[in-house]
Amino acid sequence: MLIYLDGKLVPKEEAKISVFDHGFLYGDGCFEGIRVYDGNIFRLEEHIDRLYESAKTLALDIPLSHAEMTQAVLDTVAANQKRDVYVRLVVSRGFGDLGIDPDKCPKPTVVVIADDISLYPQKFYDEGIALVTASVRRIPMQCLDPRIKSLNYLNNILAKIEAKKAGCVEAIMLNIRGRVAECTADNLFIMKNGELKTPDLLEGALGGITRSAVIDIAEQKGMIVDETRMGLHDIYNADECFLTGTGAEIVPVVNVDQRIIGDGKPGPVTMELLDAYRTLRTTEGAKVQYDAVEAG
Ligand code: PMP
């Protein structure tokens, strides 16, 4: 496996970064998770834009232009000769001293990894999954805007631990006002009375690329999409519920906090959206050129 590390494609064994890297010491940095479907990188431009937006808010100057970063991703996928792969793009503050001062870090570290993805079992899509609500709340925007896809995922990890303890793979995270924000690594949608609803990003959610693709698909189908506020009451009483994410795509949710959602089966609109999403992701995207990319 070849890893892109600061401008070079190097074998996995040689892809090492300093223990003084502030990404390691402090979670100081940002990242992206991207899928490649049959040689098409899904919504690469949106992912690159989101990465640069995260970095901007973190006052982190990425030492590559958007075009260079895009090329780095394309080259890494091509170099590994994989047509279906998961790409992890990481930019950290880089190495510094043991203090938190980012000014002591002269150069951000840029890493691109193209690795196999472990997918959810088919059963999740056929039967739907159960969620619980985590007691840990989403970090409020006043502290760290959840729209930043930062290297600091402790808040989400604590909620994920709660999910697993309850026998679930995902948990709903509420904001400090008690309204629904998102899940630990996925966005959340409901269908109610023929309308598709999802928490507004200012409720404390990451602007998911899958979320926005689902909104695009739904709008193209003429559906009403409402980015809004919602409480657990709205989720429990929804006709359908599903979550979205790059890895998960669209997963039906049939049980939340021991309440059965709708008729307890994946909803028809959920399945229609999943079908449309699966068509879209193989037809749209930046094409990888699988010819001579040299390790450097
Ligand atoms: N929310 C969080 C907290 C995430 O980490 C992710 C990414 N896994 C998502 C939502 C979904 O975003 P995307 O559709 O861009 O993968």
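We number each residue from 1, following the sequence as shown. Hydrogens, waters and symmetry mates play no part in the numbers below; they use all other heavy atoms, side chains included. In each ligand, atom 1 is the first atom listed, and ligand 1 is the first ligand listed.
Numbered from 1 in the order shown, with element, the atoms of ligand 1 that lie under 4.0 Å from a heavy atom of Thr184 read 3 (C). Heavy-atom contacts of Asn156 reach the following atoms of ligand 1: 3 (C) (cutoff under 4.0 Å). Residue contact check: Ile209 has heavy atoms under 4.0 Å from atoms 13 (P), 14 (O), 15 (O) of ligand 1. Residue Gly245 approaches ligand 1 through these ligand atoms, each under 4.0 Å from one of its heavy atoms: 11 (C), 14 (O), 16 (O).
For atom 5 (O) of ligand 1, the closest non-hydrogen atom of the protein is Tyr153 OH, 2.4 Å. Of the protein's non-hydrogen atoms, Asn187 OD1, 3.7 Å is the one closest to atom 11 (C) of ligand 1. For atom 16 (O) of ligand 1, the nearest non-hydrogen atom of the protein is Thr246 OG1, 2.6 Å. Looking from atom 14 (O) of ligand 1 to the surrounding protein, the closest heavy atom is Thr210 OG1, 2.6 Å. The closest protein non-hydrogen atom to atom 12 (O) of ligand 1 is Gly208 CA, 3.4 Å. Looking only at heavy atoms of the protein, atom 7 (C) of ligand 1 is closest to Lys149 NZ, 3.2 Å.
Aromatic ring centres of Tyr277 and Phe42 lie closer together than 6.0 Å. In this structure, Tyr52 has its ring center under 6.0 Å from that of His66.
One finds no salt bridge joining Arg211 and Glu182 here, because no Lys/Arg side-chain nitrogen approaches an Asp/Glu carboxylate oxygen to under 4.0 Å. A salt bridge links Lys82 with Asp116; the closest basic N to acidic carboxylate O contact falls under 4.0 Å.
Residue contacts with ligand 1 include Ala185, since one of its heavy atoms falls under 4.0 Å from the ligand. Taking a 4.0 Å cut-off on heavy atoms, Glu32 fails to register as neighbouring ligand 1.
Under a 3.5 Å cut-off, the side chain of Asp28 and the backbone N or O of Arg93 do not form any donor-acceptor pair. Without hydrogens or angle criteria, Glu127 side chain to Phe124 main chain gives no donor-acceptor distance under 3.5 Å.
Under the 6.0 Å distance and 45° angle rule, Arg259 counts as a cation-pi partner of Tyr236. A cation-pi arrangement is present between Arg278 and Tyr125, with the terminal nitrogen or guanidinium carbon under 6.0 Å from the aromatic centre and inside a 45° cone about the axis.
For ligand 1, the polar-atom distance check against Glu182 finds a nitrogen or oxygen pair separated by under 3.5 Å. Checked by distance only, ligand 1 and Thr244 stay at 3.5 Å or farther apart across all their nitrogen or oxygen atoms.
A donor atom on one side chain and an acceptor atom on the other are found under 3.5 Å apart for Tyr153 and Lys149.
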